[in-house]
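Here's the structure, in structure tokens; my notes come after.
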Amino acid sequence: MKSKIFILIGPPGAGKGTQAKNIAVTKDFVLISTGDLLRENVEKKTELGQIAKSYMDKGEFVPIELVAKIIKTNIQQNLNKKGFLFDGFPRDLSQNVLLDEMLNEFNLEVDKVIYIDVKDEAILDRLTNRRVCPKCKKVYHMKYNKPKNDETCDDCGIPLITRDDDKPEVIKNRLATYHKVTHPLVEHFDKLGKVIRVNGEKSPKEVETEILSLI
Ligand code: ADP
Ligand code: AMP
């Protein structure tokens, strides 16, 4: 059977990573989060990671050749799986052309785009209070989604970290880039009748229930 392809789109802090991890487990999809995969390379200090870090710290896009390499490897390793859920890719119209080319090669196509809509006003608070488990990548919020014990992952028991790019000036840059080049993808997929719009300002559980009822 052909793998289904789903894409999560939304501004930084919309809750894509939060939702992606749960949806992938519930639906048994392969999760391809380019941000997580790049951060893994940064942590391991791979050659790719060292180049990527200089872009990520400024909130800029990592060169597409590096991102493409990561994605292609992941698709190839999982071709017999039920579905793929992309988080963080494609990020502009040119990356979408590349995605189309890659999917064509494997005789696959995008099924639906899940657009998580959150207003700009909520983003700064969400991202400055975000904490992440460096091991399992679970995402917390120090007000809305707190770990059980102070700044420690509920599952791994290790200290949570703040992402290097969750600084106010970098967040501003990422949000501006989102509006300029990423959001046009929502309009593109809307014309193809592939967009599922979800109100990302409800609780994480409500957002998850809504997404699961629609895909
Ligand atoms: P993205 O992957 O889109 O950048 P995340 O999933 O990392 O966003 O979420 C950003 C921050 O917002 C995290 O601290 C997360 O715990 C919090 N968050 C996610 N979804 C919600 C929600 N529905 N309501 C409130 N806070 C949320
Ligand atoms: P994210 O985890 O999606 O917020 O991404 C964090 C950072 O990783 C971004 O600000 C970019 O620097 C980089 N990144 C993630 N996905 C891509 C992509 N598709 N293209 C270029 N850079 C990316």
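When a ligand or atom number is given, it counts from 1 through the structure's own listing order. Computed from a prediction, not measured in an experiment: that's the story for all the values here.
Listed by first then second residue, pairs satisfying ring-ring contact (aromatic ring centres under 6.0 Å, His included) with a partner in residues 174-215 read Tyr115-His183, Tyr178-His183, not counting sequence neighbours. Within the structure, no pair that satisfies the ring-ring contact (aromatic ring centres under 6.0 Å, His included) test touches residues 73-110, not counting sequence neighbours.
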Start with the C-alpha distance between Ile71 and Leu98, add both sets of side-chain angles, then the distance that settles side-chain contact (heavy atoms from CB on, under 4.5 Å), and finish with yes or no. CA-CA 11 Å; Ile71 294 167; Leu98 185 73; over 6 Å; no

Checking side-chain contact (heavy atoms from CB on, under 4.5 Å) for the pair Asp120/Leu175: CA distance, chi angles, key distance, verdict? CA-CA 8 Å; Asp120 284 7; Leu175 191 55; 3.8 Å; yes

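Both Ile23 and Ile196 are part of a single hydrophobic cluster, where members link through side-chain heavy atoms under 4.5 Å apart.
Summarising the contacts of atom 3 (O) of ligand 2 with Lys137, Arg91, Arg130, the nearest heavy atom is found in Arg91. Of all the listed residues (Arg174, Glu60, Lys16), Glu60 holds the heavy atom that lies closest to atom 12 (O) of ligand 2.
Of the possible polar contacts, one joining the Asp154 side chain to the Lys148 backbone as a donor-acceptor pair under 3.5 Å is found. With hydrogens and angles ignored, the 3.5 Å screen pairs a side-chain donor or acceptor of Arg126 with a backbone N or O of Gly13.
Protein residues having at least one heavy atom under 4.0 Å from any atom of ligand 1 are Pro11, Pro12, Gly13, Ala14, Gly15, Lys16, Gly17, Thr18, Arg126, Arg130, Val139, Tyr140, His141, Tyr144, Asn145, Gly200, Lys202, Ser203, Pro204, listed by chain and number.
Taking only nitrogen or oxygen atoms, main chain and side chain alike, Gly88 reaches within less than 3.5 Å of ligand 2. Residue Asp87 has no nitrogen or oxygen atom sitting less than 3.5 Å from a nitrogen or oxygen atom of ligand 2, judged on distance alone. Polar contact with ligand 2: absent for Asp165 (N/O pair, distance under 3.5 Å). Residue contacts with ligand 2: Phe61 is placed with no nitrogen or oxygen under 3.5 Å of a nitrogen or oxygen of the ligand (distance criterion only).
At the shortest separation from atom 8 (O) of ligand 2 among protein heavy atoms lies Met56 CE, 3.5 Å. Looking only at heavy atoms of the protein, atom 16 (N) of ligand 2 is closest to Thr34 OG1, 2.8 Å. In this structure, the protein non-hydrogen atom closest to atom 22 (N) of ligand 2 is Val62 N, 3.0 Å. Regarding atom 20 (N) of ligand 2, its nearest protein heavy-atom neighbour is Gln95 NE2, 2.9 Å.
A salt bridge does not link Asp166 to Arg131: none of the charged nitrogens lies less than 4.0 Å from a carboxylate oxygen. Using a 4.0 Å cut-off between charged nitrogen and carboxylate oxygen, Arg197 and Asp117 count as a salt-bridge pair. Look at Glu47 and Lys69 and you find no salt bridge, because none of the NZ, NE, NH1 or NH2 atoms lies under 4.0 Å from a carboxylate O. A salt bridge does not link Glu169 with Lys172: none of the charged nitrogens is closer than 4.0 Å to a carboxylate oxygen. Electrostatic pairing of Lys4 and Asp111 counts as a salt bridge here, judged by a charged N lying under 4.0 Å from a carboxylate O.
Only the side chain of Arg163 comes within 4.0 Å of ligand 2, counting heavy atoms alone; its backbone N, CA, C and O stay farther away. At a heavy-atom cutoff of 4.0 Å, ligand 2 is contacted by the side chain of Leu38 but not by its backbone.
Set against the non-hydrogen atoms of Phe89, the atoms of ligand 2 under 4.0 Å away are 19 (N). Near Arg39, meaning under 4.0 Å from one of its heavy atoms, ligand 2 places the atoms 2 (O), 6 (C).
Lys191 is linked by a salt bridge (charged side-chain N to carboxylate O under 4.0 Å, His left out) to nothing, counting only residues two or more places apart in sequence or in another chain.
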